[in-house]
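On a predicted model such as this, the values are computed, not experimentally measured, just so you know.
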Amino acid sequence: MPAPGELVEAYEPPVRLSLPLEYQQDVFRELREEDALLVLARGLGLLRLVTNLLHSYDAAGNNLILLVGADDRENGWIGEALAEQAAVSGSPKCRGLKLVNTDLMSVGTREKLYTGGGIFSITSRILIVDFLSTLLDASKVTGMVVLHSERIGATSQEAFIVRMFRQKNKDGFLKAFSDQPEPFTAGYQPLTTTMRNLFLRKPVLYPRFHVTVAKSLEGKRKAEVIELEVPMTDAMRDIQNAVMECVEVSIAELRKGNTGLEMEDWTLDSALHRSFDTIVRRQLDPVWHRTSFRTKQIVRDLSLLRTILHSLLTFDAVSFNKYLDTVLAASSPPPGSTRQSQSPWLFLDAAHTLFDTAKRRVYTGRITESTTAPDKDGLNPVLEGMPKWDLLAEILEEVERDMYFNPQPQDESNGSILIMCGDQGTCRQLREFLQTMHVNDGGVPDGEADEGEGDVDEQRPSAKFMMRRKLRNYLQWKRDFARVSSNLFAENQKAINGTTSHGGGQGGRGRGPPNKRRRMRGGGNNATAQRTANGSVHVAGDKDMHIQALMHELAPAEMEDTAATKAIDIGADPLENMEDYYELYSMIDLVLIHPYDGDMDDHLLEEVKPRYVIMYDPDAAFIRRIEVYRSSHESRQVRVYFMYYGGSVEEQRYLSAVRREKDAFTKLIRERGNMALTFGHDAANLDPQESFLRTVNTRIAGGGRLGATAEPPRVVVDVREFRSTLPSILHGRNMQLVPCQLTVGDYIVTPEIAVERKSIKDLISSFSDGRLYNQAETMLQHYKSPMLLIEFDAQKAFTLEPFADLSNTIGTSSMVGNDLQSKLVLLCLAFPRLRIIWSSSPYQTAEIFLELKKKQEEPDPIRAVHIGLESGEDPEGRTFNQTPQDMLRAVPGVTTKALQRLILKYENVLEVANAGDDDLSALVGRENGRQIRGFFDRSVWDDGGGGE
């Protein structure tokens, strides 16, 4: 009979998984059995599978598992789900997810956490440093889970991590995940390449048309989807056709001006997707310095025209016209300018149609250039509403009738209504519409109006009240146009030349132009579109008296507007009447408006449990989430209203996205069938003698001596350099990397050679703030052979010309390029011993380092760390947060020595910003202190001096 202790020890509570569907269970079993790369269709619950896999290892206990590639939101999702599953399973060994980053944890804290085991989500840079410094022993890691494997390239940090893991740990598991199949189809054998970078041999593909997936989602519990095609108005169709014509002409111009490039994907269909910018820029990057300004302008214009198409279907008529005003102001040179560089599409007749039709959707009226009194009709508001608004009101009425006749549902759904939109701007628009659609023109809710007044049509939901208020705000906004319009053109020219990011400044999560709209909200004339002498579109300013007349017409409802706003609870204080009326909302009365949010939408459906879902904007991934949600819960009914504009770009983009995903999976399945196995060479099993002979240097010409060493070549690397790809390439060349917090230099190659690495952008900024001179001076003080490494991107031209536009100097590209070269000459004259190394790519840099290390001694990491420190300063105590340091480095007047004194004196950036002139001058010198104080005292408002 076993002892009581043995009984307790033998009992293990079962691990409960939340995988109710058959395809989820099949994927889980495949991943548990062997290492694999899972490529799953979007919307099929990738994070749920990851969480269940991690939970199965977490419940077993005594595991050290690393999660790589997860962002902050995914960490929150996975951590919450692991805690919930641990509570359901009741396993005492579950420890949950622990986040590791430098902002919260020191080296000692991380070491204790690793010793205790568990699941860790670690940023790539920290994990690389911990692996190299042996703070975390890779051989003791149970396994690794890699998310977003579509981003992993040969030189990426994740590939570096996996390589170090596999070199020291052959038995630990490795699982990789992705829900984006399209990146795996670009280039030559992309799936094979990714598998080789991840040291994996088996890909697991689960598209939506997979037999098991289709069987799981299309059974008896299939979701009820009602497809509603909404016709566009004639004005919207005219605008869309005009923009499409501009896009087509722009693509034709692009193809004509760049005949030597591969232009198979340069089509009208591809131009509607955000990835088109990346495709074109990737092909133009190697010849960007030879690319004409017209081509750069067209690349920028295509991104802008796609944004206009998106805005047409999401913005209301007033906001869309306002946005076009800013577009026109940004594309037109300021008055008096002799530089004719308007965008080519502005010269088309379609551009005239675009601006004219957009204005007529808001108001009509004849605008004259004379100063006489306006016509008696003046400017008349039109205020065309969005067709989807009326349909949304009808759907809500239908839902109310359905809930009235079926008040008690026979399922677990809450009865709430969930409205899903493309972005936050659309959510705000719909929220305002739903709150004001029953308010009449006088600002009084329909229910409070006299019953005898008005006909039936006036009692129907209407956006007239909301649109009139938007028009009033728009007319007031136009008065401030002159203050900012002169600066928009200059900003747009910088973006065209490549000063901004490659995405064309469209920013955000990708749906719509939130960043650009917000940045450019502030300028544009609005009137009948006319032509200037050179043929481009010119919009004459509306005469003040016309605007005053229209404002007067809209003014009577202004007083009622305020009262109505309070009545309909827009911006009202929810606690004002708390004592009189306070209760929780009933879920059956709840209408929730939410933007699409990727995998976070799964949480939303589980928490809200809606009975009605209205998809205001089409999204293929969310439809699949609904299918998974409905199939996973037998007792929850859900009805989906799927709205889209018929014959619109919205419909075309949706169908194209579905088709592209299907084609991507088809290519992956074909490649998997023809894929060759990759067998890696295990360096750990080499014969010691052979390993020794590989390091023999046989180049003994000129009386040299035969050199050999059993140790691999060693390079001391500053920990800040692990953001770049060079350390990964050096490690791939069998160099031993020693991460340290260096004060002088970025790479210590030998005891006498220190290398300061600069990319072109960093080089220009270093010249601007004088940082490079201080770095060169300190290297000369402590090293016999200091070197400045200027490293270019492997995908770009090996010349300074493409980067000339990165400088703030006003002038032509050649002038700026010569300015950069002259600064380099002055640097060499100031420091004759400083050597400059030009490298075309990180790969060439690795070859240069190998050449520099031949017949040289290995560097001492301890000595490298102490060089440059003040006497008595402890290197171990210099653990500062890097982000504030990077911010302070960009401040004028902050040199390397000044930065050290500032971070030792002040605790954060706020204290530096609030420091007085005397304090700063005493600390860093009078001139530096004056520059720092002037920077923080500078106003964020542009005084408009560029237009004077």
Side-chain angles (χ1 to χ4, degrees), residues 17-34 36-53 149-150 175-185 191 202-228 411 413 420 596 598-599 601-602 604-606 610 613 615 618-642 644 651 653-673 675:
L17 302 177
S18 57
L19 298 174
L21 302 182
E22 182 180 353
Y23 82 88
Q24 295 174 337
Q25 297 165 8
D26 289 349
V27 172
F28 179 81
R29 279 194 292 268
E30 284 192 65
L31 291 175
R32 281 287 297 190
E33 288 172 1
E34 57 183 316
L37 165 65
L38 172 65
V39 183
L40 192 69
R42 276 184 290 270
L44 296 184
L46 181 74
L47 284 186
R48 180 185 291 268
L49 288 165
V50 173
T51 303
N52 280 273
L53 182 68
S149 54
E150 73 278 355
K175 323 288 184 184
F177 295 85
S178 175
D179 61 353
Q180 297 186 34
E182 293 87 358
F184 289 103
T185 60
L191 181 61
K202 180 181 178 181
V204 178
L205 307 177
Y206 272 82
R208 174 62 178 82
F209 55 83
H210 192 284
V211 176
T212 311
V213 177
K215 179 182 175 183
S216 301
L217 301 183
E218 297 175 5
K220 297 180 181 179
R221 295 174 287 178
K222 187 176 179 180
E224 179 186 0
V225 180
I226 302 173
E227 212 170 276
L228 300 170
D411 57 23
S413 297
M420 299 299 295
Y596 295 118
D599 289 309
D601 292 336
D602 293 333
L604 182 69
L605 291 172
E606 293 291 344
V613 177
M615 295 180 63
D619 184 77
F622 189 77
I623 293 179
R624 293 170 185 164
R625 298 185 200 282
I626 291 285
E627 290 178 326
V628 172
Y629 169 76
R630 176 68 184 90
S631 302
S632 302
H633 302 282
E634 296 183 11
S635 57
R636 296 182 189 176
Q637 299 292 332
V638 61
R639 182 190 300 172
V640 182
Y641 295 90
F642 181 80
Y644 64 93
E651 180 186 13
R653 190 185 293 123
Y654 168 76
L655 295 175
S656 176
V658 174
R659 184 180 66 252
R660 287 172 57 172
E661 184 190 74
K662 183 179 179 181
D663 293 344
F665 269 114
T666 305
K667 290 180 181 178
L668 287 176
I669 292 170
R670 191 180 299 117
E671 184 181 347
R672 181 180 63 177
M675 189 169 61

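- Side chains of E22 and T212: a donor-acceptor N/O pair is absent below 3.5 angstrom, by distance only.
- In plain terms, the two heavy atoms of S178 and F184 that are nearest each other are OG-CE1, 3.4 Å.
- Residues forming a side-chain hydrogen bond (donor to acceptor under 3.5 Å, both in side chains) with E627 (at least two apart in sequence, or on another chain): R208.
- Salt bridge status for E661 with R624: present, with a side-chain N to carboxylate O gap under 4.0 Å.
- Residues forming a side chain to side chain contact (heavy atoms under 4.5 Å, CB included) with K202 (at least two apart in sequence, or on another chain): E30, E34, A36, V204.
- When all heavy atoms are compared, the tightest approach of Q25 to P20 is NE2-O, 3.6 Å.
- Using cut-offs of 30° and 60° for the angle between ring planes, the F642 and Y644 rings count as tilted.
- D179 contributes no side-chain N or O that, together with a main-chain N or O of G43, makes up a donor-acceptor pair within less than 3.5 Å.
- Nearest heavy-atom pair across L46 and D599 is N-OD1, 4.5 Å.
- Partner E182 forms a salt bridge (charged side-chain N to carboxylate O under 4.0 Å, His left out) with one of R659, R42, K667, K662 and no other, that one being R42.
- The line from NZ of K175 to CG of L31 is 6.0 Å long, rounded to the nearest 0.5 Å.
- Taking each heavy atom of H633 and Y629 in turn, the nearest pair found is CD2-O, 3.1 Å.
- Taking every heavy atom of both residues into account, D619 and Y654 meet most closely at C-CE1, 4.1 Å.
- Note on E606 versus R625: no salt bridge recorded, every NZ/NE/NH1/NH2 to OD/OE distance being 4.0 Å or above.
- The shortest heavy-atom contact between Y23 and L217 is CE2-CD2, 4.4 Å.
- We find that D663 and R660 are not joined by a salt bridge, their nearest charged nitrogen and carboxylate oxygen being 4.0 Å or further apart.
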